[in-house]
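Data first, discussion second: the structure below is written as structure tokens.
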Amino acid sequence: MAEELDERAKEVLKVVVQEFISKGDPVGSSQLTARGDFEVSPATMRAVLADLEELGYLEKPHTSAGRVPTDAGYRFFVDTLVQLRQPLEADRKAIEAGLSHPQAVENRIEMASKMLNQLSHHAAVVLAPRPSQLVVQRVEFVRLRDARVLAVLVGPGGQVQNKLFDVDFVVDPLELVQAANYLNELFKSGVPLEDVRGKILGELESERAQYDQLVAKALKLGVKATDVSSTEQVLIEGASTFLEQPGFAEDVKRMRALFKALDDKHKLLQVLDRVQRARELQIFIGAESDFSSQGEVSVIASPYGRGEQVLGTVGVIGPTRMNYQRVIPLVNFTASALSRALEGE
């Protein structure tokens, strides 16, 4: 429908969206003509607003009110009218400083969500890397009691994945050291855990594993150690910010729907997975996703990773009436800064 809007209609829609985002009140024709930005009569302005309403970009909350943007109106604004710039220098420095200190991947991710929450004043969300995506640099085995073994998988930047398991064969401490040394040769290339596991399973089928008892034990230990959960972890920071948003705190039904969606995380996970597969920033407004339709919110998210490997997603959840011009660059910059921090480990 974009081609149906002339330049005046586009400018009117832009101002209506900006005014509503700024003040939260329906925007009327008299308010627009009083601004002095449009050299048109009140009657012409009413006609333009009526056309935008008929096209589905605006709607009236009730008969006597001015107009507010619809999901389609916000979408047109985001895709066509908003002018995006880099975040403020102070915001960029704060994000980079927060992510630059040497720390485990989990801590960097948590810091990214805290920074986004603080700077955007909306809830921040992060899809953490699956354990199977851990890049393994070395493994260590510790014998506990009886047939119990602890595997410590160490990745870049001190990222650690522990795996406790039982073995159905006899293995002494020296054999555990030798097994770790053998497996560490396989880990030298620094590939994700799921790829390492595939390599170990392939080696287990090799001829050498059939006649070399130590190699067979090492590979069996490797299979056990790399059998980690691939369940995604979703972190949410600052969900209480919705209680401060006009239109949410007063609407109990709307608030319940949103917090229920945040609590089960399934619909949110689907949205974040879509962003990860797209490998670029995505924006979901209102009914555009199963999650964002709960409580009339928007989700702005961007993938982060290490090199060519996408590890997860970082983003912001806020009301559809959010400052897209500010939040979109913040999300994009945070994802890029997090990727740079992980790449530098």
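What you are looking at is a predicted structure, and each value in this text was computed from that prediction instead of being measured.
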Report task. Quick one: closest heavy-atom pair of Leu262 and Ala239, and the distance? Result -> CD1-CB, 4.1 Å

Query raised in the report: Once you round to the nearest 0.5 Å, how far does CD of Glu175 lie from CD of Gln213?
Result: 7.0 Å

Report task. Output the distance between atom CG (Asp273) and atom OG1 (Thr313), rounded to the nearest 0.5 Å. Result -> 7.0 Å

Query raised in the report: Just how far is it from atom CG of Leu32 to atom CZ of Arg67, taken to the nearest 0.5 Å?
Result: 10.0 Å

Query raised in the report: Could you go step by step and tell me if Lys199 and Glu203 meet the salt bridge (charged side-chain N to carboxylate O under 4.0 Å, His left out) rule?
Result: CA-CA 6 Å; Lys199 190 171 183 179; Glu203 289 287 323; over 6 Å; no

Report task. Would you kindly check if the NZ (Lys) or CZ (Arg) of Arg340 is within the cone defined by 45 degrees around the ring axis of Phe333 and under 6.0 Å from the six-membered ring centre? Result -> yes

Query raised in the report: Would you find a donor on one side and an acceptor on the other, under 3.5 Å apart, between the side chain of Arg321 and the backbone of Ile21?
Result: yes

Query raised in the report: Is the side chain of Asn184 donor-acceptor paired with the backbone N or O of Gln137 at a distance under 3.5 Å, no angle test?
Result: no

Query - Leu99 to Ala112 - nearest heavy-atom pair and separation - result: CD2-N, 3.8 Å

Query raised in the report: Ring centroid separation for Tyr57 and Phe76, is it under 6.0 angstrom?
Result: yes

Query raised in the report: Taking the inter-plane angle between the rings of Phe242 and Phe259 on a 0 to 90° scale, is it parallel (under 30°), tilted (30 to 60°) or perpendicular (over 60°)?
Result: perpendicular

Query raised in the report: If you measure from the Lys or Arg side-chain nitrogens to the Asp or Glu carboxylate oxygens, is any gap between Lys23 and Glu19 under 4.0 Å?
Result: yes

Query - Test side chain to side chain contact (heavy atoms under 4.5 Å, CB included) applied to Leu272 and Val125, step by step - result: CA-CA 9 Å; Leu272 299 179; Val125 59; 3.8 Å; yes

Query raised in the report: Hey, does Ile328 have a side-chain heavy atom less than 4.5 Å from the side chain of Ile283?
Result: yes

Requested in this report: Locate the shortest heavy-atom distance separating Asn117 from Ala124; write the atom from each residue and the value.
Outcome: N-CB, 3.8 Å

Requested in this report: Kindly assign one of parallel, tilted or perpendicular to the pair Phe20 and Tyr74, based on the angle between their ring planes and the thresholds 30° and 60°.
Outcome: tilted

Report task. Please report the C-alpha distance between Glu11 and Arg8 in whole Å, then the side-chain angles of each, then the deciding distance to 0.1 Å, and finally whether the salt bridge (charged side-chain N to carboxylate O under 4.0 Å, His left out) criterion is met. Result -> CA-CA 5 Å; Glu11 190 60 28; Arg8 183 170 60 192; over 6 Å; no

